[in-house]
Amino acid sequence: MSQHNVLFHFHSDDTIDSTSQGFYVRVSGVEPVPVEQNLNASSGLVTSPGYPALYANETDYKWNIVLLPYQSVTLNVSHYKSSVCSGYERLLVYYTDHRGSSTYTYLYCGRTGAVVVSYSNRMQLWLQAVSEVSNGQAFQAMWKTECRRSFSGASGTIMSPDSPNAYPTNLDCSYLITRDTGYYINLTFTSFALDSDLCNDYVQIFDGSSNSFPLLTSPLCGSSLPPVLLSTSNSLWIEFHSDGTTDPSSTGFVATYTSHIKECKSTTLTSINGFLASPGYPVQYAQFTYCVWTITVPFGIVELTFQDFAVGQKSTYDCYGAQVRVYDGENVDASTVIET
Ligand SMILES: [Ca+2]
């Protein structure tokens, strides 16, 4: 059956067979099988059946948006309307939140203008229809894709789209790493091969949860492996841009991150002169030590004199193992690094 009512008609004529015992029918109301549709385009429009008229049938509809692995889904529900606020009749939206968990939200009554972002390449819209208590519902929503990922685990791997193959052209990807307060993030590139095209393709790393935070290092491009990067706080925002052409040998990047509790608290030094030293000095510092000192003298400028120094190792261009970095001023910013 396709509706919630059925007309059942029984009729007999003037002849009755002795074996005709009649009939017995079990009647039960069951939910009709939903109509499902898969959507794979990078953008598009979804509407309720017969939109803008109210859809008042009993059959549910499901739309499954499934995109390429590196793409995320942004849904904008520009219109939703239902004739009653039953609570049973609604548009459910299943998605992945920024911490990677599957969750859902829903629209019902007259709620409209909702924007839902899925941090995975999947989203499902489920129109739950209950025709006997209402005159139906109607909605219109647009979806688009962005290259975006979010990470919240203790460690993880970030890679460019289509890795280990050459990355697509015209990308603007973002990657957010968020850990609990008190942690910092260690980002180590294990593979790096962008076009050698004057930095038209590049990776930028911001020391915080968005691109409004300072750059942790100058834009990364070319094919030399970047140094290990450490965040100041518990989040990192990474952006990857590619222009209109990609060399077939440009396999992009692979980076792993780990997160660690900061071994020492931030320290502020304000006297006219003083000392600072690595934790436990002169005993060797511990693994994953992370300390920040802010030095503010009451007048004049700050002069630092290193009286002993045995920290990490230095290659031709970069430090590895461990490093001390001195910034001119009280903010972390790639443009204010005095010395590493
Ligand atoms: Ca390029």
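Start at 1 and go down the list; that is how both ligands and their atoms are numbered.
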Report the relative orientation of the aromatic rings in Tyr104 and Tyr94; use parallel for angles under 30°, tilted for 30 to 60°, perpendicular for over 60°. tilted
Can you list everything that forms a side-chain contact (heavy atoms from CB on, under 4.5 Å) with Ser82? Sequence neighbours excluded, please. Tyr80, Glu89, Gln137
Could you tell me how the ring of Tyr106 sits relative to the ring of Tyr108: parallel (under 30°), tilted (30 to 60°) or perpendicular (over 60°)? tilted
Angle class for the His260/Tyr184 ring planes (parallel below 30°, perpendicular above 60°, tilted otherwise)? tilted
Check the orientation of His79 and Tyr51. Use parallel for under 30°, tilted for 30 to 60°, and perpendicular for over 60°. perpendicular
The protein N, O or S atoms lying under 3.0 Å from the Ca ion (ligand 1) are Asp195 OD2, Asp197 OD2, Asp201 OD1, Asp201 OD2, Asp243 OD1, Thr245 O
Should Tyr167 and Thr246 count as side-chain neighbours, where that means a heavy-atom distance under 4.5 Å? yes
